[in-house]
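Here the structure comes first, spelled out in structure tokens, and everything after it is commentary.
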There are 2 protein chains.
Amino acid sequence: MSGAVQSVIRQPMGMAGQVSTPTRVTDPLAALIGMTITLPRDRELYAQGERAEYCYQVISGCLRTVQLMEDGRRQVAAFLLPGDCLGFDDFDSHDFAAQAVTDVVVKRFRRHDVEAQADRQLALARRLRELGASALRAAHDRLLLLGRKTASERIATFLLEMAARQHQSHMVTLPMSRVDIADHLGMTVETVCRMITHLRREGTIAVVPSGVELHAPGALRQIAADLRH
Amino acid sequence: MSGAVQSVIRQPMGMAGQVSTPTRVTDPLAALIGMTITLPRDRELYAQGERAEYCYQVISGCLRTVQLMEDGRRQVAAFLLPGDCLGFDDFDSHDFAAQAVTDVVVKRFRRHDVEAQADRQLALARRLRELGASALRAAHDRLLLLGRKTASERIATFLLEMAARQHQSHMVTLPMSRVDIADHLGMTVETVCRMITHLRREGTIAVVPSGVELHAPGALRQIAADLRH
DNA sequence: CGAGAATTTGAAAGTCGTCAAACGACGTGG
DNA sequence: CCACGTCGTTTGACGACTTTCAAATTCTCG
């Protein structure tokens, strides 16, 4: 049995960005005709450089987007949770690979169709631009993290972000491995472990099988030294 | 230098497949009504968190987008050169500040107008999505750089990228300070200098008042260990 | 229960950052 | 036109945070 696999974050879709878009009664994306696809853990949804024919919205499970260097160094650009979209803003080919962190269900759309539909439906076109803006904002926050934050700040930031995305303030599910986290935060597995251990010994968090419990979110926030607000 | 209107942020070693967009006869952006604004060096075009009423296209000069942490740590997300656009994909407020690196001339558009126009003109709507996609791709490349590349690789990558964006292969103009470069590449001024000195002593580059000459772009490329070929 | 993988911990090494100071480019003022 | 002060760049020495290498421990799954 897949232990942690099914304890993946569940949450209604439609909250793609924690952005306060004025209450959208019907998400234009929901109107698109999409095929439901399931993907087993560790399977690749698409490869880096692959022709980008489809785009996707995550229904359940967790995906990661990955960039590789020839010598094996890896950068996980993002983890995608239910409601998140990917592939909508690529060009002809995908900039990075997308892989299933857990068993995953996604809704798949033909990009050509989406583009065509966007030309007819203003709401969708706007939604697509919003989607891009969300992704861009997230990427920019990560630039600051990777460029300027220390190891402990990165971990704290990451845990808080995951908590927020799961709409939880005490329990954070971490479906991805420590290696994935390391490659996401620009550090090594060992450093990730050490930082987590440190937080645990401080009593700030507790490590449980499928994630961590946040005992002192305030302390985390202080460590994260979060910008904006 | 105004001919660069279509040169949105380009990849280092601009391959990535033929960057879709076949030769665009008329850029939808050119049709927008924009006011020309000049900005002296070091002046701020807009502040972080400021209400995003306008968006811009660079006509001449160089801008930087900046994120600040309370303790002063700074991340330069991007340098913008003639033809580049900014502010098109923000939400209500700007995610970061934009400041003039040199004296700058920009064309300013009211975002509300752009959005409205996009609703009427498919080409513009598509162009806006492309713009977002370009920015996103650039940001992702930078994630890999910040997360996984060494100091020398970052410098090499940066020089090659600047050369490509200036459509030059031997002479690179660097209008920004070493501090700006450092804050862009996630390192310190001292390290930037050391890396440049190292390349100079190797004979790979030569430092001139306004930038550097690339004597051995091949060597740079090798150092950059560039992904995506 | 046992083998292999993932996580955690430890010790040593390195890269990069910090602190400090010299050097050089400019612009102002004498 | 040159002296001088300021700011940006460069260089050096030292220290620290992370990484690297190695191994113990825990967890997963057959």
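All chains are named by letter (A, B, ...) in the order of the sequence lines, taking the proteins before the strands, and each is independently numbered beginning at 1.
- Taking atom CZ on Arg178(B) and atom P on dC23(C), their separation rounds to 19 Å, with Å as the unit.
- When side chains are defined from C-beta on, Leu81(B) does not count as touching Val58(B), because their heavy atoms never get closer than 4.5 Å.
- Between Ile196(A) and Arg148(A), the residue whose closest nucleotide on DNA chain C is further toward the 5' end is Ile196(A).
- For the pair Leu199(A) CG and dT8(C) C1', the interatomic distance rounds to 15 Å; values are reported in whole Å.
- Not one side-chain nitrogen or oxygen of Arg200(A) sits closer than 4.0 Å to the OP1 or OP2 atom of dT7(C).
- Each of Asp92(A), Asp90(A), Asp95(A), Asp89(A) was scored for a salt bridge (charged side-chain N to carboxylate O under 4.0 Å, His left out) with Arg137(B), with one residue passing: Asp95(A).
- Minimum atom distance to the side chain of Ser177(B) is reached by dT9(D), of the listed dT11(D), dG10(C), dT9(D).
- Rounded to an integer number of Å, the gap from CZ of Arg41(A) to P of dA5(C) is 14 Å.
- Listed pair Arg201(A) / dT9(C) meets the phosphate criterion, a side-chain N or O lying under 4.0 Å from OP1 or OP2.
- Checked against dT9(D), dG12(D), dT18(D), the side chain of Cys193(B) finds its nearest nucleotide in dT9(D).
- Residue-level contact check: Arg73(B) touches neither bases nor backbone, having no heavy atom under 4.0 Å from any strand.
- Between the side chain of Arg194(A) and the base of dT20(D), a donor-acceptor pair under 3.5 Å is found.
- In plain terms, the two heavy atoms of Phe88(A) and Leu131(A) that are nearest each other are CG-CD2, 4.0 Å.
- Regarding contacts with the backbone of dT9(C), a side-chain N or O of Thr197(A) is found under 4.0 angstrom from either OP1 or OP2.
- Paired with Ile181(B) under the rule side chain to side chain contact (heavy atoms under 4.5 Å, CB included), one option of Val192(B), Val189(B), Val76(B) passes, and it is Val192(B).
- For the OP1/OP2 pair of dG17(C) and a distance below 4.0 Å, the side-chain nitrogens and oxygens of Thr191(B) include at least one atom meeting the criterion.
- The distance from atom CG of Leu146(B) to atom P of dC16(C) is 13 Å, rounded to the nearest whole Å.
- Nucleic acid contact class of Arg154(A) (heavy atoms, under 4.0 Å, all strands): none.
- Put simply, CD1 on Ile155(B) is 17 Å from P on dT15(C), counting in whole angstrom units.
- The interatomic distance linking Glu190(A) (CD) with dA13(C) (P) rounds to 17 Å, in whole Å.
- The cationic atom of Arg108(B) (NZ for Lys, CZ for Arg) lies less than 6.0 Å from the six-membered ring centre of Tyr54(B) and within 45° of the ring axis.
- In this entry the distance linking CG of Asp183(A) with P of dT19(D) reads 11 Å, nearest Å.
- Atom C1' of nucleotide dG17(C) and atom NZ of Lys149(A) are separated by 19 Å, given to the nearest angstrom.
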